[in-house]
Asker: 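Could you have a look at this structure, given as structure tokens, before my questions?
Chain identifiers are assigned alphabetically (A, B, ...) following the order of the sequence lines, protein sequences preceding nucleic acid strands; residue numbering begins at 1 within each chain.
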Amino acid sequence: MRLAIENLDVSLSGRPVLHGVGLTLEPGEVVGLLGPNGAGKSTLMRALAGQIAASGTMRLGKDDLAALPPTVRARLLAYLPQSRIIGWRLTVGDLVGLGRLPWRGFGARLRPHDTEIVSRALELMDVAHLAHRPATELSGGEQARVLAARAVAQDTPVLIADEPASGLDPAHQITMMRALARLAGEDRAILVSLHDLTLAARWCDRVVMLKDGRLAAEGPPEAVMTAGNLASIYGVAAHITRDEGGLILAPTGLTEGGAP
Amino acid sequence: MKPLALNLALALLALALFLASLAVGPAELGLSESVRGLFAGGGEAASIIMREIRLPRALLGLGIGFTLGMAGAVLQGFLRNPLAEPGIIGVSAMAAFGAVAVFYSGLAGAALYALPAGALAGALAAVLILMALAARNGSTLTLILAGVALSSLAGALTALVLNLSPNPFASYEIIFWLLGSLKDRSIEHVWLALPLMAAGWLLIALSARAIDALSLGEEAAASLGIHLARTRFLIVAGVALGVGAATAVAGTIGFVGLVVPHLVRPLTTRMPSRLLLPAGLGGAALLLAADVAVRLVLPAGELNVGVLTALIGAPFFLWLVVRARREVF
């Protein structure tokens with residue numbers, strides 16, 4: 001299902017945060033959302049998830065995203081917020097099972113079909129072995145993967161994940177990105193915000209770079225993750241090399257004048 | 001523990017305590033005598049005692065305990081805060097103030113319904129104020145802060161009424177009512193409170209999915225298709241109806257709503273919706289037990305049940321705060 005937004009403006013408490021942002025997300029691709037802190041990445045994701053009011057057009061397939069009833073939207077678009085909240089001492093299995101909420105009847109238990117999707121989500125995020133542990137007693141990185149599994153269990157054509165890889169060890173950062181790539185392989189559209197440039201360059205089919213609430217660059221990583229763009233958008237100088245897996249980007253210092 | 005087994009066990013416990021509540025009182029009635037009094041017609045003493053004194057008292061204990069336990073469970077789930085209780089949104093304090101205002105105006109003696117009606121008006125005012133505030137700024141934190149402010153205001157107004165009270169006897173009557181009791185309530189009180197409490201249970205039950213989703217925070221819950229404003233309405237209205245009606249007929253009974261969810265939670269999966277029914281049943285059992293206890297401990301003077309629940313509840317609260325530092329919820 002194609003997600004297309006045009007001319008998106010968002011203001012928070014009267015302060016404009018996004019200015020005329022346009023973006024499309026095709027089924028089967030992982031799109032990385034990049035940009036410095038405060039560029040508007042989370043705001044864009046929250047607007048897409050219907051958490052904050054936005055003006056402009058947002059279409060999901062043929063539907064107006066903003067006009068969809070919340071329960072219908074929840075079956076089409078999953079959103080993984082940046083804040084990682086686990087309220088009660090739920091087991092990992094029960095917590096991930098909450099992802100099936102939009103598909104469940106009132107008060108109904110999980111059907112075998114739901115259980116299957118939940119265990120697949122647990123496998124995908126490499127937390128199946130933790131299924132019976134209380135989620136509150138896991139490490140931060142484990143909790144991040146458990147919460148990501150919750151969003152995956154929603155089994156939606158579109159997944160929007162706000163910094164799912166932050167705080168993960170290198171192996172699990174790769175696990176996370178590989179999981180997103182696999183989901184895209186099932187013809188889902190994935191939008192993921194990232195701070196790790198190499199991770200974005202190697203795992204995203206396309207990257208979108210925001211700066212000061214505006215679209216600054218957009219295209220395949222090889223085309224847009226250039227020294228020039230990194231300097232003008234992030235204000236960093238970077239050492240850029242490549243191997244067979246794609247680009248390797250290491251920020252080495254600030255450019256003249258420091259961070260923008 | 002399996003949910004069904006837990007609910008069954010708690011229901012049996014509540015039933016046993018309900019029967020115990022029917023069996024205890026200053027009048028010395030044998031078991032067969034009281035059963036006959038309950039079901040046989042006629043105007044014998046046993047029948048009057050059972051039907052007009054003990055049955056309303058036991059029914060109110062059951063209904064009010066259920067309401068307080070369920071209200072505590074839903075608020076803790078909704079606010080994602082283990083220290084939440086029905087009093088936190090200001091409804092019981094406003095209901096108490098409404099009743100006190102009726103006392104002060106002298107209308108209390110005029111009609112049986114005047115006092116409960118005053119309390120319900122107070123609870124309703126609390127809901128309207130909370131809704132107006134929550135509609136302007138949708139966050140859960142606003143609701144808690146508004147509830148705390150409302151409680152303080154209602155407390156201050158109650159103190160003002162006591163201060164201005166024309167004679168010491170009136171103050172004494174008000175204070176005694178505020179302490180909370182199930183004593184000397186009639187079946188009319190039951191008919192007044194029970195439908196409102198049942199409506200409250202229904203509204204709370206409708207929010208079950210939402211409080212599960214809210215374990216993940218408001219953003220994630222909204223992304224799971226939960227309508228947050230509707231949820232807030234269901235819960236505030238449900239708690240206000242139930243607790244307002246409970247306060248209207250029994251005065252303020254504290255700590256049941258706070259304590260019971262914590263007692264029952266470890267026996268559940270900790271999924272907030274799965275706590276609602278056990279907490280209700282546990283609340284009924286606890287209040288009935290406390291109400292039996294006050295009749296046994298001081299048969300002559302009779303302690304107010306609200307005093308006993310506070311006496312048990314406050315130390316428990318303290319223990320909870322100490323334990324909360326080790327994150328056990």
Asker: Using non-hydrogen atoms only, which part of A:I160 is less than 4.5 Å away from chain B: side chain, backbone, both, or neither?
Answerer: neither
Asker: Step by step, would you call A:L33 with A:D162 a side-chain contact (heavy atoms from CB on, under 4.5 Å)?
Answerer: CA-CA 9 Å; A:L33 188 58; A:D162 199 351; over 6 Å; no
Asker: Is there a side-chain contact between A:H113 and A:W103 in this structure, where contact means two heavy atoms from C-beta onward sitting under 4.5 Å apart?
Answerer: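 The answer is no, as the side chains (C-beta and beyond) never meet within the 4.5 Å cut-off.
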Asker: At a 4.5 Å cut-off on heavy atoms, which part of B:S273 comes close to chain A: side chain, backbone, both, or neither?
Answerer: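 Neither part, no heavy atoms under 4.5 Å.
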Asker: Once side chain to side chain contact (heavy atoms under 4.5 Å, CB included) is applied, do any residues pair with A:T156, and if so which ones, sequence neighbours excluded?
Answerer: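 If we apply the side chain to side chain contact (heavy atoms under 4.5 Å, CB included) test to A:T156, skipping adjacent residues, the hits are A:A78, A:Q154.
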Asker: Mind checking what makes side chain to side chain contact (heavy atoms under 4.5 Å, CB included) contact with A:N37, not counting sequence neighbours?
Answerer: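 By the side chain to side chain contact (heavy atoms under 4.5 Å, CB included) rule, A:N37 matches A:H195.
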Asker: Strictly less than 4.5 Å between heavy atoms, which residues of residues 64-81 of chain B line up against chain A? Please order them by number.
Answerer: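 Within residues 64-81 of chain B, the residues that come under 4.5 Å of chain A (heavy atoms only) are B:Q76, B:G77, B:R80, B:N81.
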Asker: Starting from the C-alpha separation in whole Å, work towards a yes-or-no answer on side-chain contact (heavy atoms from CB on, under 4.5 Å) for A:M177 and A:L194.
Answerer: CA-CA 10 Å; A:M177 296 312 293; A:L194 293 165; 3.7 Å; yes
Asker: Could you work out, with side chain to side chain contact (heavy atoms under 4.5 Å, CB included) as the rule, every residue matching A:R182, not counting sequence neighbours?
Answerer: A:L124, A:R178
Asker: Are any non-hydrogen side-chain atoms of B:V259 and B:I312 less than 4.5 angstrom apart?
Answerer: no
Asker: When only pairs under 4.5 Å are counted, which of B:I226, B:D212, B:L216 shares the most heavy-atom pairs with chain A?
Answerer: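 Between B:I226, B:D212, B:L216, the count favours B:L216.
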Asker: Using a cut-off of under 4.5 Å on heavy-atom pairs, state which of A:R84, A:R75, A:R150, A:R73 scores highest against chain B.
Answerer: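 Of the options given, most contacts go to A:R150.
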Asker: Would you mind checking if A:E137 and A:R89 are paired as a salt bridge, meaning a charged N to carboxylate O distance below 4.0 Å?
Answerer: yes
